[in-house]
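The structure appears right after this line, and notes come after that.
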Amino acid sequence: MSEETNPFESLQSQIDDAAAYLDVGDDVIERLKHPERVLETNLTIERDDGDLERFKAFRSQFNGDRGPYKGGIRYHPGVSRDEVKALSGWMTYKTAIVDIPLGGGKGGIIIDPADYSESELERLTRSFAKELRPMVGEDRDVPAPDVNTGQREMNWIKDTYETLENTSEPGVVTGKALDSGGSEGRVDATGRSTVIAAREAFDYLDKDIEGATVAVQGYGNAGWIAARLIDEMGATVVAASDSSGGIYNPDGFDPVAAKDHKNETGSVVGFEGSEEEITNEDVLTLDVDLLIPAALENAVDADLAEDVEADVISEAANGPLTPAADEVLEAKDVFVIPDILANAGGVTVSYFEWVQNRQRFYWSEQRVNEELEGVIVDAFDALIEAYEEHDLENPRTAAYVVAIQRVADAFEEAGSWP
Ligand code: GLU
């Protein structure tokens, strides 16, 4: 784990890598390296015992050139201003590479939600929603779930906003429960795009996904769904981990049974289908065909990258490889499907949810999955076109070349404003 790598600096260096191949002025690139604005706020709520506690929270609106700011809200002790800025930038280029008419934003609260009751979390979420109210809205900024937030928090945000605005506007937030205006297929969407992108990469590299071995670091929503779906495609999941440790079985195990074990005990560790208990680091360095990092930023630094033995990496997490790790992996010819494409299924189905909310017309799960498939395959093809056209070594740079060009075009087409 590299604690030192600042994710905002990682984002900026990824933009610089791509800028060299773009016909976009340095002044525009400079604009595209910084958020338009960042809200920093202090939320004070009453604990169940009557004491007050203050929490710092952020919302970064990175870029709105292509549409309303879009991105999740995370609850985590590691949240910081720079992390939120980086994540909001990654959202900007994520919505651009998959070509949906949205910008990029991200929010976070510095908290370990495991230490708080449901009613405390509800008060905190509603307090944040009250702070966000002037800056969000279905045509302004549309939050969504991220690390440690889900349907429950989104339903609270929607209810707070609609109550204060005296309106019905379910599209103010996505990732809601189905009965509150959520979309079919949203929960699975991040893991689904991770495996669609992996399947396309295997195809491009002339490799067989059937029988491929897979290691999944992080067994939250993105990781475990990716494990389930890749298993359904005929690959063999041999390893998985969460914050308590990892499991390994060279013959593979049932990813659904591993998830059931985690639901019962809080961790994949101790799962009966595992042959051997291994560390998180071991999971990242196993000799597998496909590695899916699905936890947090900076999971793989340059040192660890030296030991990575996977042929393909599909980034379900945001920012799991440091730029220095990227360089090492590029030299080792590891094909990295970048986060902004691999995990873009989440925001793509958020976009479908927003469309459905606005039309008050809801789609079947089959339609959602088919539309998602088309979006991810098209984005992968656009990445490969840039990769080949510029003779690039790193697919991440190719993704940024496509995405930055799209944002820059929208900015320049809008003309200048004092
Ligand atoms: N938090 C997810 C991401 O990082 C989803 C964002 C959204 O649906 O707006 O892509």
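Small disclaimer: the values here were computed from a predicted structure and weren't measured. Basis for what follows: all heavy atoms, side chains included, without hydrogens, waters or symmetry-related copies. Every number for a ligand or one of its atoms is a count from 1 in the order of the listing. For reference, positions follow the sequence shown, starting with 1.
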### Query
Under the side-chain hydrogen bond (donor to acceptor under 3.5 Å, both in side chains) test, which residues partner Trp90, sequence neighbours left out?
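Testing Trp90 for side-chain hydrogen bond (donor to acceptor under 3.5 Å, both in side chains), a comparison that skips the adjacent residues, returns Gln14, Tyr400.
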### Task
I would like to know whether Ser60 and Ser88 meet side-chain hydrogen bond (donor to acceptor under 3.5 Å, both in side chains); could you show each step before the answer?
CA-CA 6 Å; Ser60 169; Ser88 66; 2.8 Å; yes
Indicate every side-chain donor-acceptor pair of residues 226-242 with a distance under 3.5 Å to a residue at least two apart or in another chain.
| unit_1 | atom_1 | unit_2 | atom_2 | d |
| --- | --- | --- | --- | --- |
| Arg228 | NE | Glu232 | OE2 | 3.4 |
| Arg228 | NH2 | Asp188 | OD2 | 3.1 |
| Ser241 | OG | Asn280 | OD1 | 3.1 |
| Asp242 | OD1 | Ser244 | N | 2.9 |
| Asp242 | OD1 | Ser267 | OG | 3.1 |
| Asp242 | OD2 | Lys262 | NZ | 3.3 |
| Asp242 | OD2 | Ser267 | OG | 3.1 |
| Asp242 | OD2 | Val268 | N | 2.7 |

For a distance cut-off of 3.5 Å, show me each N or O of ligand 1 paired with any protein N or O, plus the separation.
| unit_1 | atom_1 | unit_2 | atom_2 | d |
| --- | --- | --- | --- | --- |
| ligand 1 | 1 (N) | Pro145 | O | 2.8 |
| ligand 1 | 1 (N) | Asp146 | OD1 | 2.7 |
| ligand 1 | 4 (O) | Lys94 | NZ | 3.1 |
| ligand 1 | 4 (O) | Lys106 | NZ | 2.9 |
| ligand 1 | 4 (O) | Asp146 | OD1 | 3.4 |
| ligand 1 | 4 (O) | Asn318 | ND2 | 3.0 |
| ligand 1 | 8 (O) | Arg186 | NH2 | 3.0 |
| ligand 1 | 8 (O) | Ser350 | OG | 2.6 |
| ligand 1 | 9 (O) | Lys70 | NZ | 2.8 |
| ligand 1 | 10 (O) | Lys94 | NZ | 2.7 |

### Task
Take Asn343 and Ser193, measure what side-chain hydrogen bond (donor to acceptor under 3.5 Å, both in side chains) needs, and give me the verdict at the end.
CA-CA 6 Å; Asn343 72 34; Ser193 64; over 6 Å; no
### Task
Tell me, please, which residues at least two apart from Trp363 pass ring pair (Phe, Tyr, Trp, His ring centres under 6.0 Å).
Phe352
### Query
Is the side chain of Gln356 donor-acceptor paired with the backbone N or O of Tyr362 at a distance under 3.5 Å, no angle test?
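Judged by distance alone, no pair lies under 3.5 Å.
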